[in-house]
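These numbers come from the heavy atoms of this one structure, side chains and all, not from hydrogens, waters or symmetry mates. Both ligands and their constituent atoms are indexed starting at 1 by order of listing. Bear in mind the structure is a predicted one, so any value in this text is a computation, not a measurement.
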Amino acid sequence: MAVLQKIRELFIPTEEFESEVIVPAPADIYEIRPLTELHLREVLALNLRCFKEGENYTKFTFSYLLNEPNCLSYRIVTTSERMAGYIFVMTNEEGTGHITTIGVAPEHRRRGLANRLISHAEKMLNKRNISTVMLEVRVSNTIAQALYQAFGYSIVQRLSSYYNNGEDGFLMVKSL
Ligand SMILES: CC(C)(COP(=O)(O)OP(=O)(O)OC[C@H]1O[C@@H](n2cnc3c(N)ncnc32)[C@H](O)[C@@H]1OP(=O)(O)O)[C@@H](O)C(=O)NCCC(=O)NCCS
């Protein structure tokens, strides 16, 4: 266990992120690009900054998703090529897409980046003839719920103790 913790510290200095002060980034022009295994370290670090509840995807999970042909993944970058946000969507042959994770760096929030990432992902899902998209969100994550609701996602089910800390989730669904 101690060894695992050590390896984790080598990759991501979590304590540093926990105490970070957020200074809004200067105005920028953002572009959406594919997210590949080349960006594994960057997405892993950004994910840790976005999700502080202690249920972050591991390096292994991201690596798996980035090598999975049924997974669409995109990043949104600044003019200096820094990753400001990301989205992962799994698809299946029954015509369903699943937003598995989305995050935007705190200093780039409220600039419509999540909006752009979801719009782009939905456009790509449409091209694959995906007609339904679903996702799970913590009941306490009212910001993300507002984002999804604005996009036309509806809560269809409450998922009891869905998260490791016992918190319930909402299953949200949208027909494209
Ligand atoms: C949720 C998250 C991805 C939103 O990213 P963002 O780029 O700031 O979102 P946008 O600027 O595109 O906002 C889109 C809409 O989301 C909602 N929203 C976003 N931030 C909000 C906030 N702080 N308060 C209320 N609503 C908010 C609004 O409806 C907003 O539309 P509006 O600006 O027209 O009011 C970002 O806050 C984040 O990374 N959070 C941590 C990770 C997370 O919770 N991911 C979702 C897990 S299910």
Side-chain angles (χ1 to χ4, degrees), residues 12 14 16-33 35 39 41-59 61-62 65-66 71-91 96-125 132-174 176:
I12 315 283
T14 49
E16 192 180 299
F17 291 137
E18 274 159 19
S19 59
E20 73 176 331
V21 175
I22 308 302
V23 179
D28 212 326
I29 294 168
Y30 301 92
E31 271 187 39
I32 293 182
R33 306 258 175 81
L35 200 170
H39 315 108
R41 192 186 163 89
E42 201 179 358
V43 75
L44 195 56
L46 181 50
N47 175 260
L48 271 179
R49 294 181 65 215
C50 288
F51 293 91
K52 302 210 172 203
E53 302 92 354
E55 274 183 54
N56 297 85
Y57 282 4
T58 62
K59 187 177 182 205
T61 307
F62 276 119
L65 291 173
L66 290 169
C71 183
L72 307 177
S73 48
Y74 304 99
R75 64 201 162 109
I76 189 156
V77 298
T78 63
T79 40
S80 56
E81 294 286 326
R82 287 190 68 110
M83 192 185 297
Y86 61 86
I87 188 168
F88 285 77
V89 189
M90 287 291 285
T91 63
T96 304
H98 192 145
I99 297 180
T100 53
T101 186
I102 177 171
V104 170
E107 65 276 18
H108 294 284
R109 287 187 188 158
R110 287 321 292 261
R111 299 178 183 196
L113 303 194
N115 247 314
R116 285 182 59 185
L117 285 164
I118 295 176
S119 295
H120 184 77
E122 287 187 353
K123 202 166 97 188
M124 294 300 135
L125 289 171
T132 307
V133 191
M134 60 179 68
L135 58 90
E136 294 88 17
V137 58
R138 285 176 185 271
V139 291
S140 63
N141 195 347
T142 51
I143 291 178
Q145 288 162 34
L147 164 71
Y148 301 137
Q149 265 154 359
F151 258 92
Y153 288 78
S154 306
I155 294 172
V156 293
Q157 195 182 337
R158 188 173 178 119
L159 307 165
S160 179
S161 302
Y162 183 76
Y163 294 95
N164 284 344
N165 68 350
E167 184 173 349
D168 290 356
F170 287 131
L171 177 65
M172 299 186 77
V173 176
K174 175 180 178 180
L176 294 182

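Remark: ligand 1 and His108 share no N or O pair separated by less than 3.5 Å (distance only, no angle test). Of the N or O atoms in Ala144, none lie within a sub-3.5 Å distance of an N or O in ligand 1.
Near Ile102, meaning under 4.0 Å from any of its heavy atoms, are these atoms of ligand 1: 42 (C), 43 (C), 45 (N), 46 (C). When each atom of ligand 1 is checked for a heavy atom of Leu113 under 4.0 Å away, the hits are 7 (O), 12 (O). Ligand 1 places these atoms under 4.0 Å from at least one heavy atom of Cys50: 41 (C), 42 (C). Atoms of ligand 1 found under 4.0 Å from any heavy atom of Gly103, numbered from 1 in the order shown, are 39 (O). Atoms of ligand 1 found under 4.0 Å from any heavy atom of Gly112, numbered from 1 in the order shown, are 10 (P), 11 (O), 12 (O).
When each of Leu125, Ile102, Ile118 is paired with Val89, the side-chain contact (heavy atoms from CB on, under 4.5 Å) condition holds for Leu125 and for no other.
A cation-pi arrangement is present between Arg138 and Tyr163, with the terminal nitrogen or guanidinium carbon under 6.0 Å from the aromatic centre and inside a 45° cone about the axis.
To the nearest 0.5 Å, the span separating CG on Asn56 from OG1 on Thr101 amounts to 8.5 Å. Going from atom CG of Leu35 over to atom CG of Leu66 covers 6.0 Å, rounded to the nearest 0.5 Å. Leu44 CG to Tyr86 OH: the interatomic distance, rounded to the nearest 0.5 Å, is 9.5 Å. Once rounded to the nearest 0.5 Å, the distance linking CD of Glu122 with CG of Leu117 reads 11.5 Å.
Atom 16 (O) of ligand 1 has its nearest heavy-atom neighbour, among Asn47, Ile118, Leu147, in Leu147. When the heavy-atom distances from atom 18 (N) of ligand 1 to Asn141, Ile143, Thr100 are ranked, the shortest goes to Ile143. Here the shortest heavy-atom distance to atom 14 (C) of ligand 1, taken over Val104, Leu117, Asn115, belongs to Asn115. Residue nearest to atom 48 (S) of ligand 1, selected from Phe51, Tyr86, Tyr148: Tyr148 (by heavy-atom distance).
Taking atom 7 (O) of ligand 1 as the reference point, the nearest protein heavy-atom neighbour is Ala114 N, 3.0 Å. When hydrogens are left out, the protein atom nearest atom 36 (C) of ligand 1 is Arg109 NE, 3.5 Å; that is the closest non-hydrogen contact. Atom 32 (P) of ligand 1 has Arg110 NH2, 3.6 Å as its closest protein atom, hydrogens excluded (heavy atom only).
Residue contacts with ligand 1, taken as heavy atom pairs separated by less than 4.0 Å, do not involve Thr101 at all. When heavy-atom distances to ligand 1 are checked against a 4.0 Å cut-off, Arg116 has no atom that comes that close, whether in backbone or side chain.
By the 4.5 Å heavy-atom criterion applied to side chains, Phe151 and Lys174 are counted as neighbours. Side chains of Tyr57 and Val43 form no contact here, defined as non-hydrogen atoms less than 4.5 Å apart.
Of the protein's heavy atoms, none falls inside 4.0 Å of atom 34 (O) of ligand 1.
The aromatic rings of Phe88 and Phe62 are tilted relative to each other, their planes meeting at an angle between 30° and 60°.
Residue contacts with ligand 1 include Glu136, since one or more of its heavy atoms lies under 4.0 Å from the ligand.
Salt bridge present: Arg33 and Glu81 bring a charged side-chain N and a carboxylate O closer than 4.0 Å. Classification of Glu42 and Arg82 as a salt-bridged pair fails, no side-chain N sitting under 4.0 Å from a carboxylate O.
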